[in-house]
**Student:** 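Quick one: this structure, given as structure tokens, is what I'll be asking you about.
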2 protein chains.
Amino acid sequence: MGRKSRVTVIGDLAHRPTTAHDVARLAGVSQSAVSRVYTPGASVSPETRIKVMEAAKRLGYRPNQVARSLITRRSNIVGVAVPGTENPFYSAALDALSIALARIGYRVLLFSVDAIAGSDPILEEVLRYRVDALVLISTSLSSHFADECMQLGLPVVLFNRKTDSGLASSVTGDNLNGARMIAAFLLAGGHKRFAFVAGVEHSSTNRDREAGFLSYLSARKVRHIERRVGNYSTTAAEAAVRSLLELEKQPDAIFCANDHMALVALNVAQVGFGLQPGRDISIVGFDNIDMAGWPLFGLTTYSQPIQTMIDQVIGILERQLSGEAAVALQQVTQGELIVRASARKPKTGLSQSGKGWVWRPRTEPAVF
Amino acid sequence: MGRKSRVTVIGDLAHRPTTAHDVARLAGVSQSAVSRVYTPGASVSPETRIKVMEAAKRLGYRPNQVARSLITRRSNIVGVAVPGTENPFYSAALDALSIALARIGYRVLLFSVDAIAGSDPILEEVLRYRVDALVLISTSLSSHFADECMQLGLPVVLFNRKTDSGLASSVTGDNLNGARMIAAFLLAGGHKRFAFVAGVEHSSTNRDREAGFLSYLSARKVRHIERRVGNYSTTAAEAAVRSLLELEKQPDAIFCANDHMALVALNVAQVGFGLQPGRDISIVGFDNIDMAGWPLFGLTTYSQPIQTMIDQVIGILERQLSGEAAVALQQVTQGELIVRASARKPKTGLSQSGKGWVWRPRTEPAVF
DNA sequence: ATGAAAGCGCTAACAC
DNA sequence: GTGTTAGCGCTTTCAT
């Protein structure tokens, strides 16, 4: 196997990177000694360590993680799928996740997937990289795929989404109760004509938020709740809200399935229809993204505490990566109904919390 | 090397993944035949191909990209560094980049780095993964590090940032002319008291935007330009703008070094000080992020066409990855001054473009 | 504590 | 076109 067979380009700077062998030779030790120096907890004498580290520095040695992964069968990489980051909630989540993973020694192999289309083919690709785990942010995978991952012993955590099968672990906000609480809040505010702007149909998140909202209201004999689909996107949400506000019987309370759409709604209501949120109409979102707190918006919303949720993801991952029995678990994180200016405030139930106001129903919303 | 030495856990599902060998045996061919089936352009007979693919399907075979990378010395992975994604411009860029890279067969290994702190140590880590290239979004690397990458033959592209050394390629918007144009625009609008809200000090982007703005104005005998630092962050920008508006001689025109800060400024001016942008005060940004076009904001801004810029990144990458002489090049992408409601409109120079209005100076801003 | 040797799963000559 | 063979750079027994 003559390496020399390849013609040497004149001035070729792309030398072969330094290997542990090179370091070993320079340090006058064996290659395994070099390896041990870079293996936490291996037994190396101080002298050897010094010699190796000096040689390594001189040669600019960087252990080849690829070779290491091949043998250890751990890449220290977690595959992370995110939908397009139009929605700031996802960006924030990705950010927090990436930082949290870095802290426990993992890198992120990123996959931007079409929110609507299936993510299976691209995930198929990821698996070739032997990622140690998969985190899917607001993206589902077919149950068939989930099965395969489980058989491979590959931990999968869904963030802000659940699977029907329940095979994979999931971390979500309290969609059901949050939505109920929003319904209760709007009802307490004296509203009569309700509307719901849905996110992506059939997404578990939308399903739960819609179910919570509608079931609470219909149990209180509220009828004729208008419904539009906003797909969690700017353009669809704008059309949805516009169509609602053009109704003869204009709704006086709109619950948008996430903050991003609610902010769009705020724009349409104010600029397009001259309505003042909180007075002429109430608009509520879900997520509590940063911008919801911006003065110009002042969006009332149910919070999903990203950091807490990410911590739970990390917890699940650590447990599963350490080789424990991979029991799928569904974590639900409670949030709070953050009260700002975009919706009429009920007379009771408000209390100060931290730097803002929150609302709590007199009694916990009943379960239906 | 007894693999059996490890105690087999009862119900252990983590089998050894299928290898090319397993497939070969089942298909009754050699292992290299299997390899060839998965190598585009290799010569395999139709029969062999069929046999292999069937065996592969039955066994759920997935080629091990790690092993492949070890020998080919190409990981098909690009390391991408992003600062925290508080600024939507970065999220959008990451998104577009990730999609564009996927199209040419590359994955993204992500690094969320602290915008301020040095990114070198974490990048050091990345190199162990033998990434084929590095894209740094709004993040610089020390020139020492750049040198090392060049010696390694590792292509580095800076997005929205330049290095002093000019060793690495860069793709940026037209910061200098954009900022000049903004100055000209505000001057044409009849403004007298100017202010600049800077981003991160010493970032090349901020430096150029500031230089363009200030030099244009001072060449026109404008004196006493107020300056605050907003660090591209929400909180710092808020304080900066607040301090400007509390001035006895309140500025009547504020240029914020990016859109994100300009949106914050819009919030502060309207809600905090009861000023109506476009009438009482002019606020201009830089980037033209999606939200700048939202009705409630209507931010006048100089655009940085993300897709075009990303295409340029891809172009540079493709050229360098194909092994061409790695000449660093600095690409500057022109944008447009998008005119919306947040700033007073000059009498002349406006024209319709696409779905909005743009402004162009009568003559190109002179070079100083 | 250290070195020798055997691979991890694959690609790439090379012979046939 | 296909099988054989020699590694890619590392970790991990196993002896010493």
Side-chain angles (χ1 to χ4, degrees), chain A residues 1-7 14-25 27-52 55-56 59-76 127-130 152, chain B residues 1-6 14-25 27-52 55-56 59-76 127-130 132 152:
Chain A
M1 286 276 298
R3 185 169 302 118
K4 304 201 97 175
S5 63
R6 184 191 264 165
V7 179
H15 318 288
R16 194 164 68 34
T18 316
T19 71
H21 237 106
D22 304 333
V23 176
R25 208 169 31 220
V29 297
S30 76
Q31 185 265 324
S32 7
V34 177
S35 172
R36 279 192 273 263
V37 168
Y38 287 89
T39 306
S43 63
V44 210
S45 74
E47 306 94 69
T48 308
R49 162 164 272 118
I50 302 276
K51 277 192 292 183
V52 167
L59 297 175
Y61 172 65
R62 241 181 295 273
N64 186 332
Q65 177 68 35
V66 176
R68 174 189 293 233
S69 295
L70 182 58
I71 168 96
T72 61
R73 287 151 170 201
R74 316 187 87 251
S75 57
N76 286 326
L127 295 190
R128 285 157 144 69
Y129 283 90
R130 297 299 190 258
L152 262 53
Chain B
M1 286 272 303
R3 185 169 301 117
K4 304 205 94 173
S5 63
R6 182 192 265 164
H15 317 289
R16 194 164 67 37
T18 315
T19 71
H21 236 106
D22 304 332
V23 176
R25 209 169 30 221
V29 297
S30 77
Q31 185 265 323
S32 13
V34 177
S35 172
R36 279 192 273 263
V37 168
Y38 288 88
T39 307
S43 63
V44 211
S45 74
E47 305 94 70
T48 309
R49 163 163 271 118
I50 302 278
K51 277 192 292 183
V52 168
L59 298 175
Y61 172 64
R62 241 180 295 270
N64 186 333
Q65 176 68 34
V66 176
R68 175 190 293 235
S69 296
L70 181 59
I71 168 96
T72 62
R73 305 186 140 112
R74 315 186 86 252
S75 57
N76 287 325
L127 295 190
R128 284 158 146 68
Y129 283 91
R130 297 299 190 257
D132 293 337
L152 263 52

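Here is how names work: the chains are called A, B, and so on, in the same order as the sequence lines, proteins then strands, and each is numbered from 1.
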**Student:** Identify the heavy atoms of Tyr129(A) and Ser75(B) that sit nearest to each other, and give their distance.
**Tutor:**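 Taking Tyr129(A) first and Ser75(B) second, the nearest heavy atoms are OH-O, 3.0 Å.
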**Student:** Measure CG/Leu70(A) against C1'/dT11(C) and give the value in whole Å, please.
**Tutor:**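 Taking CG of Leu70(A) and C1' of dT11(C), I get 12 Å after rounding.
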**Student:** Take Gln65(B) and Ser69(B) through the test side-chain hydrogen bond (donor to acceptor under 3.5 Å, both in side chains) and record every step on the way to the result.
**Tutor:** CA-CA 6 Å; Gln65(B) 176 68 34; Ser69(B) 296; 3.3 Å; yes
**Student:** Between Arg130(B) and Ser32(B), who's closer to the 5' end of DNA chain D by nearest nucleotide?
**Tutor:**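 Closer to the 5' end of DNA chain D: Ser32(B).
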**Student:** State, to 0.1 Å, how close Arg36(A) and Ala42(A) come at their nearest heavy-atom pair, and which atoms those are.
**Tutor:**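 The pair with the smallest heavy-atom distance is O-CB, 3.5 Å.
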**Student:** How close or far is atom P of dA6(D) from atom CD of Gln31(B), stated in whole angstroms?
**Tutor:**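 Nearest whole value for this atom pair: 15 Å.
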**Student:** Checking all strands, does Ser45(A) fall into the base, sugar-phosphate, or nothing category for heavy-atom contacts under 4.0 angstrom?
**Tutor:**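 Since only primed, P, OP1 and OP2 atoms lie under 4.0 Å of Ser45(A), the category is sugar-phosphate.
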**Student:** Under 3.5 Å, is there a donor-acceptor pair between the side chain of Arg130(A) and the main chain of Leu127(A)?
**Tutor:**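 Flag set: sc Arg130(A) to bb Leu127(A) pair under 3.5 Å.
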**Student:** Using a cut-off of 4.0 Å on non-hydrogen atoms, how would the nucleic acid contact of Tyr61(B) be classed: base, sugar-phosphate, or nothing?
**Tutor:**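 Sugar-phosphate only.
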**Student:** Let me know the distance between CD of Glu47(B) and C1' of dT2(D), rounded to the nearest Å.
**Tutor:**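 Interatomic distance, CD of Glu47(B) to C1' of dT2(D): 12 Å.
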**Student:** Measure the angle between the two terminal helix axes of the helix from dA1(C)-dT16(D) to dC16(C)-dG1(D), five base pairs each, and quote it to 10°.
**Tutor:**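 For the helix from dA1(C)-dT16(D) to dC16(C)-dG1(D), the axes at opposite ends meet at about 30°.
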**Student:** Tell me, please, which residues at least two apart from Arg128(A) pass salt bridge (Lys or Arg N to Asp or Glu O under 4.0 Å).
**Tutor:**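 By the salt bridge (Lys or Arg N to Asp or Glu O under 4.0 Å) rule, Arg128(A) matches Glu125(A).
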**Student:** May I ask you to say what Thr48(A) touches in the nucleic acid, namely base, sugar-phosphate or nothing, with a heavy-atom cut-off under 4.0 Å?
**Tutor:**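 Since only primed, P, OP1 and OP2 atoms lie under 4.0 Å of Thr48(A), the category is sugar-phosphate.
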**Student:** Which is true for Ser43(A) with a 4.0 Å heavy-atom rule: it touches a base, it touches only sugar-phosphate, or it touches nothing?
**Tutor:**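 Ser43(A): base contact, heavy atoms under 4.0 Å.
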**Student:** Rounded to whole Å, please give me the gap between CZ in Arg73(B) and P in dC10(D).
**Tutor:**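 Going from Arg73(B) (CZ) to dC10(D) (P), I get 11 Å.
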**Student:** Assign each of Arg49(A) and Tyr38(B) to its nearest nucleotide of DNA chain C by heavy atoms, then name whichever residue's nucleotide is nearer the 5' end.
**Tutor:**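 Its nearest nucleotide being more 5', the pick is Arg49(A).
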**Student:** Does a nitrogen or oxygen in the side chain of Ser30(A) sit under 4.0 Å from OP1 or OP2 of dG3(C)?
**Tutor:**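 Checking dG3(C) against Ser30(A), a side-chain N or O does come within under 4.0 Å of OP1 or OP2.
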**Student:** With heavy atoms under 4.0 Å as the rule, sort Gln65(B) into base, sugar-phosphate or nothing.
**Tutor:**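 Nothing, no nucleic acid heavy atom in range.
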**Student:** Taking any heavy-atom pair under 4.0 Å as a contact, classify Val29(B): base, sugar-phosphate, or nothing.
**Tutor:**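 Counting heavy atoms under 4.0 Å across all strands, the contact made by Val29(B) is with sugar-phosphate only.
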**Student:** Separation of Asn76(B) atom CG from dT11(C) atom C1', in whole Å?
**Tutor:**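 In whole Å, dT11(C) C1' and Asn76(B) CG are 14 Å from each other.
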**Student:** Select base, sugar-phosphate, or nothing to describe what Ser69(B) touches, counting heavy atoms under 4.0 Å on all strands.
**Tutor:**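 Nothing: the residue Ser69(B), judged by heavy atoms under 4.0 Å, touches no strand.
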**Student:** Are the side chains of Leu152(A) and Arg62(B) in contact, using a 4.5 Å heavy-atom criterion?
**Tutor:**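 Answer yes - side chains close enough.
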**Student:** Tell me whether Ser30(A) contacts the main-chain N or O of Ala33(A) through its side chain, where contact means a donor paired with an acceptor under 3.5 Å.
**Tutor:**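 Judged by distance alone, yes, a pair lies under 3.5 Å.
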**Student:** Atom NE2 of His21(A) and atom P of dG7(D): how far apart are they, to the nearest Å?
**Tutor:**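 Atom NE2 in His21(A) sits about 12 Å away from atom P in dG7(D).
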**Student:** What does Thr72(A) touch in the nucleic acid at a heavy-atom separation under 4.0 angstrom: a base, only the sugar-phosphate, or nothing?
**Tutor:**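 If one applies the 4.0 Å heavy-atom cut-off, Thr72(A) turns out to touch the sugar-phosphate alone, with no base involved.
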**Student:** Whether the side chain of Arg36(A) and the base of dG3(C) hold a donor-acceptor pair under 3.5 Å is what I'd like checked.
**Tutor:**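 It does, because a donor-acceptor pair links the side chain of Arg36(A) to the base of dG3(C) below 3.5 Å.
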**Student:** What's the CZ-P distance between Arg25(B) and dC10(C), to the nearest Å?
**Tutor:**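 After rounding, the reported distance stands at 13 Å.
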**Student:** Is there side-chain contact between Leu70(B) and Asn64(A), with at least one heavy-atom pair below 4.5 Å?
**Tutor:**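 Result yes, sub-4.5 Å side-chain heavy-atom pair found.
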**Student:** Let me know the distance between OH of Tyr129(B) and P of dG9(D), rounded to the nearest Å.
**Tutor:**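 My rounded result for the distance is 18 Å.
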**Student:** Between the side-chain atoms of Thr39(A) and the base atoms of dT11(D), is any donor-acceptor pair under 3.5 Å?
**Tutor:**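 Checked by distance alone, the answer is no.
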**Student:** By side-chain contact (heavy atoms from CB on, under 4.5 Å), which residues pair with Thr18(A), not counting sequence neighbours?
**Tutor:**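 side-chain contact (heavy atoms from CB on, under 4.5 Å) check on Thr18(A) returns Asp22(A), Val23(A), Leu59(A), Tyr61(A).
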**Student:** Nearest heavy atom decides the nucleotide; on that basis, is Ile71(B) or Pro46(B) closer to the 5' end of DNA chain D?
**Tutor:**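 Result of the comparison: Pro46(B).
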**Student:** Looking at the side chain of Arg68(A), which of dG9(D), dG3(C), dT11(D) is the nearest nucleotide?
**Tutor:**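 Of all the options, the side chain of Arg68(A) is nearest to dT11(D).
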**Student:** When all nucleic acid strands are considered with a 4.0 Å heavy-atom cut-off, which category describes Ser35(A): base, sugar-phosphate, or nothing?
**Tutor:**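 Base contact.
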